[in-house]
Amino acid sequence: TAQPGQGTRFQLQLPLTLSVIRALLVEISDEPYAFSFAQILRATKVEAADLSTVEGRQFFELDGKPIGLVEARQILGLSGSLEANEPLSVVVIGSIQGTYGVVVDRFLGARELVVQPLDARLGKIKDISAGALMEDGTPLLIFDAEDMVQSMAKLSMSDQLNSVSRISGETAIKTRKKRVLVVDDS
């Protein structure tokens with residue numbers, strides 16, 4: 001508001017819920033996702049020779065401890081397989097319920113992301129905490145690591161964990177599909 005002889009007053013309203021996190025971006029089924037660095041114990045590459053299978057469950061050793069492997073695709077309910085002969089890209093997360101290695105297609109690097117809360121009408125989305133936009137405007141989802149550990153523990157207890165599946169590079173290219181979401185706001 002402006003008043004003669006008294007100057008001009010500006011009032012700015014900024015969202016208080018705006019937060020920025022440092023995150024590791026990963027690719028799963030040709031889509032970007034993010035893990036908050038605050039929830040990651042380690043991100044590593046695991047060679048096929050370093051995998052062990054005990055009672056149908058795959059493990060690798062990290063600092064002398066066995067870490068169970070779970071494919072991110074299985075947690076998200078996606079299809080597809082990883083390319084053969086490539087080291088596995090693994091994000092190690094944990095909570096009171098246990099420590100697991102989440103196998104992703106590949107690491108995309110570290111970024112600072114502005115967290116976008118998901119619409120309350122969606123309710124709580126399993127294994128997801130929020131959304132964000134990449135520099136080019138591509139939307140991505142940010143994982144809720146504690147939720148993921150619970151999901152993996154449930155799969156493990158019910159003996160529903162799948163082994164990490166791999167296919168040749170040529171087959172992987174043939175099976176990739178893109179999804180399109182058409183939105184009309186009129």
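Nearest heavy atom pair, residue Ala23 against residue Ala34, reads CB-CB, 4.0 Å. Summarising the geometry of Pro66 relative to Phe59, their closest heavy-atom pair is CB-CD2, 4.0 Å, with the distance given to 0.1 Å. Across all non-hydrogen atoms, the minimal contact from Pro87 to Glu47 is CG-OE2, 3.5 Å. Taking every heavy atom of both residues into account, Ala130 and Val115 meet most closely at CB-CG1, 3.5 Å. When all heavy atoms of Ile142 and Ala132 are compared, the pair lying nearest together is CD1-CB, 4.0 Å. When all heavy atoms of Ala72 and Val104 are compared, the closest pair comes out as CB-CG1, 4.3 Å.
The line from OH of Tyr33 to CG of Leu108 is 12.0 Å long, rounded to the nearest 0.5 Å. A distance of 4.5 Å separates CZ in Phe107 from OG in Ser89, rounded to the nearest 0.5 Å. Note that CZ of Phe60 and CG of Leu88 are 9.0 Å apart. Values are rounded to the nearest 0.5 Å. Going from atom NZ of Lys126 over to atom CG of Asp144 covers 11.0 Å, rounded to the nearest 0.5 Å. Note that the CG atom of Leu118 and the OG atom of Ser129 stand 7.5 Å from one another [nearest 0.5 Å]. We find the CD-CG distance between Gln74 and Leu69 to be 11.5 Å, quoted to the nearest 0.5 Å.
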Check the pair Leu140, Leu25 against side-chain contact (heavy atoms from CB on, under 4.5 Å), reporting the backbone distance first and the verdict last.
CA-CA 9 Å; Leu140 60 84; Leu25 270 58; 4.0 Å; yes

Report the C-alpha distance between Glu135 and Arg111 in whole Å, list the side-chain angles of each, state the deciding distance to 0.1 Å, and finish with yes or no for salt bridge (Lys or Arg N to Asp or Glu O under 4.0 Å).
CA-CA 9 Å; Glu135 296 89 3; Arg111 302 276 197 295; 3.3 Å; yes

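When hydrophobic clusters are built by joining Ile, Leu, Val, Met, Phe, Trp and Tyr residues whose side-chain heavy atoms come closer than 4.5 Å, directly or via intermediates, Val90 is grouped together with Leu51. Both Leu78 and Ile75 belong to a common hydrophobic cluster when Ile, Leu, Val, Met, Phe, Trp and Tyr are linked at side-chain heavy-atom distances under 4.5 angstrom. Tracing side-chain contacts under 4.5 Å through hydrophobic residues (I, L, V, M, F, W, Y), one reaches Tyr100 starting from Ile128; they form part of the same cluster. The hydrophobic clustering, which links ILVMFWY residues whose side-chain heavy atoms are closer than 4.5 Å, places Leu133 and Leu24 apart. Under a hydrophobic clustering in which Ile, Leu, Val, Met, Phe, Trp and Tyr are joined whenever their side-chain heavy atoms come within less than 4.5 Å, directly or via other members, Leu76 and Val91 fall into the same cluster.
A salt bridge is defined here as a Lys NZ or Arg NE, NH1 or NH2 lying under 4.0 Å from an Asp or Glu carboxylate O, and Arg73 with Asp105 meets this definition. Ion pair Arg121/Asp119 flagged as a salt bridge, since at least one NZ, NE, NH1 or NH2 atom sits closer than 4.0 Å to an Asp/Glu carboxylate oxygen.
Leu62 pairs with exactly one of Ile67, Asp50, Val46 by the side chain to side chain contact (heavy atoms under 4.5 Å, CB included) rule, that one being Ile67. Paired with Arg42 under the rule side chain to side chain contact (heavy atoms under 4.5 Å, CB included), one option of Ile93, Thr99, Asp63 passes, and it is Asp63.
No donor-acceptor pair closer than 3.5 Å links the side chain of Ser29 to the backbone N or O of Glu31. A donor-acceptor contact shorter than 3.5 Å links the side chain of Asp147 to the backbone of Asp127.
Within the 4.5 Å cutoff, no side-chain heavy atoms of Leu113 are placed close to those of Arg22. Ile40 has its side chain out of reach of Val92: every pair of non-hydrogen atoms, C-beta onward, lies at least 4.5 Å apart. The shortest distance between side-chain heavy atoms of Met148 and Phe35 falls below 4.5 Å. Annotation: side chain of Ile28 is not in contact with side chain of Glu71 (no heavy-atom distance under 4.5 Å).
Within a 6.0 Å sphere centred on CD of Gln150, heavy atoms belonging to other residues, nucleotides or ligands number more than 12.
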